[in-house]
**Student:** 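Could you have a look at this structure, given as structure tokens, before my questions?
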Amino acid sequence: MPDVLFINGRFTDTSERVLGVEDRGFQFGDAVYEVFKFLGRTPIFLTEHYARLGEGLHELEIPNPWPDVNAFSATMRELLDRTEFDDGTVYIQVSRGEAERAHFWPEGMTPTAVAYSRRFKFPDAAKKERGIRVITAPDRRWCHCDLKSVNLLANSMAKKKAQRAGADEAILIHDATVSEGASSSFFAVIDGRIITHPLDERILPGVVRDHVIDLAIAAHIRVDERPLREAELFTLGEAFITSTTQGVMPVTEIDGRIIGNSRRGEVTAELQRRFDELERGAQ
Ligand code: PLP
């Protein structure tokens, strides 16, 4: 079943082949992307996703196809109006555009903007309680992970390794410290405080990460934004990951070692409850 597809100002579906082989997103990974969730056809945290997309485009000197959040919102509204299901995700990618292959790009290129909606099976209550297993893997990504660029090869290799080990996520390690998950932000809970990597070039500024930090502060849970040492991973009371598709997801095992009692911890459960409520309110 093809999905509804927006491409450079028009709508079609994903059965149409819309990109040329010299699109720089394809040849150079010269593109950024976003993924937002929609529930009951209402986009969740659209403004935050637009802001991050805009920052990435600005950093890469790619013109933003949507001059403001209202223009972006209008395109996404039409995409969802044309979509046949109520809940899912929208994938958006903006590349520098198409030009004869050369590392130097010509000035004044027109970006390629695509967006499509897709069904997504969000975790149910049982999964949210059960949590996930993760493995650790070396962080082999470049040093600009704060950009949501489409260069996801190192992330994909780490995720595949996790899958082959019977785990759901790979937690990436650089210089004996934890950066983040291959497709999620990572949080540890030690003595009732949450610890997560500070915002810098080693991690993506996760939309859910930001909300969870605010929710923790509102709940009088202390937040330490500092790199977690790899050795600390095995002394944790609780751990969880966050992402647009997984929300707040408990981690119950790291490299085969049990975290807490192999059950969702109390701090994790509280933040999960608060985040789900926030998300429902955003509908
Ligand atoms: N970190 C990485 C590397 C990711 O790919 C993602 C999501 O795809 C996240 C963190 C979580 O970001 P968000 O909460 O905005 O979905």
Side-chain angles (χ1 to χ4, degrees), residues 29 31-39 43-57 72 76 88-94 115 118 120 122-123 128 132 134-163 167-174 177-188 194-216 223 225 227-228 239-251 268 271-272 274-276 278-279 282:
V32 289
Y33 76 106
E34 269 303 322
V35 177
F36 71 81
K37 174 176 177 175
F38 60 95
L39 294 173
I44 309 293
F45 308 139
L46 194 69
T47 310
E48 290 90 327
H49 288 284
Y50 176 74
R52 187 170 60 189
L53 179 69
E55 280 156 24
L57 291 170
F72 181 69
M76 299 311 146
T89 58
V90 171
Y91 177 86
I92 301 153
Q93 181 171 318
V94 181
R118 183 140 285 178
F120 194 91
F122 298 112
K128 285 189 334 206
I132 57 165
V134 305
I135 61 160
T136 56
D139 193 346
R140 297 206 164 106
R141 301 173 301 165
W142 71 331
C143 296
H144 217 336
C145 302
D146 50 328
L147 278 182
K148 202 162 168 67
S149 98
V150 298
N151 295 278
L152 295 173
L153 181 57
N155 308 57
S156 294
M157 298 295 287
K159 289 280 280 201
K160 194 68 197 169
K161 188 174 168 200
Q163 188 187 47
D168 292 284
E169 178 60 307
I171 302 302
L172 304 177
I173 310 289
H174 73 93
T177 62
V178 177
S179 36
E180 62 179 338
S183 63
S184 60
S185 310
F186 181 79
F187 289 79
I194 65 173
I195 296 145
T196 196
H197 199 285
L199 289 181
D200 64 15
E201 71 291 344
R202 303 290 336 183
I203 67 159
L204 185 78
V207 168
V208 181
R209 174 191 181 280
D210 252 24
H211 282 302
V212 164
I213 289 176
D214 289 347
L215 291 170
V223 182
E225 289 184 69
L228 184 79
F240 61 92
I241 59 157
T242 64
S243 75
T244 293
T245 56
Q246 303 303 304
V248 174
M249 178 58 69
V251 169
T268 305
L271 290 171
Q272 195 182 53
R274 286 178 182 246
F275 179 74
D276 288 351
L278 181 74
E279 208 179 55

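Whatever order the structure lists them in is the order used to number ligands and atoms, beginning at 1. Both backbone and side-chain heavy atoms feed into the values below; hydrogens, waters and symmetry mates do not.
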**Student:** Could you tell me which non-hydrogen atom of I44 sits nearest to which non-hydrogen atom of E279, and how far apart they are?
**Tutor:**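 Closest approach of I44 to E279, heavy atoms only: CG2-CG, 3.6 Å.
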**Student:** Hey, is the main chain of I92 close enough, under 3.5 Å, to the side chain of E34 for a donor-acceptor pair?
**Tutor:** no
**Student:** Identify the protein atoms, limited to N or O, that lie within less than 3.5 Å of an N or O atom of ligand 1, and list each pair with its distance to 0.1 Å.
**Tutor:**
residue, atom, partner, partner atom, Å
ligand 1, 1 (N), E180, OE1, 2.7
ligand 1, 1 (N), S184, O, 3.4
ligand 1, 8 (O), K148, NZ, 3.1
ligand 1, 14 (O), V207, N, 3.3
ligand 1, 14 (O), V208, N, 3.0
ligand 1, 15 (O), R52, NH1, 2.8
ligand 1, 15 (O), R52, NH2, 3.1
ligand 1, 15 (O), V207, N, 2.8
ligand 1, 16 (O), T244, N, 2.8
ligand 1, 16 (O), T244, OG1, 2.6

**Student:** Could you tell me whether the side chain of F36 reaches within less than 4.5 Å of the side chain of F45, counting heavy atoms only?
**Tutor:** no
**Student:** Can you tell me if R52 uses its side chain to pair, donor with acceptor, with the backbone of P205 under 3.5 Å?
**Tutor:** yes
**Student:** Would you say the side-chain atoms of D146 pair up with the backbone N or O of D200, donor to acceptor, closer than 3.5 Å?
**Tutor:** no
**Student:** Should the pair F275 and H211 be assigned to parallel (<30°), tilted (30 to 60°) or perpendicular (>60°) ring geometry?
**Tutor:** tilted
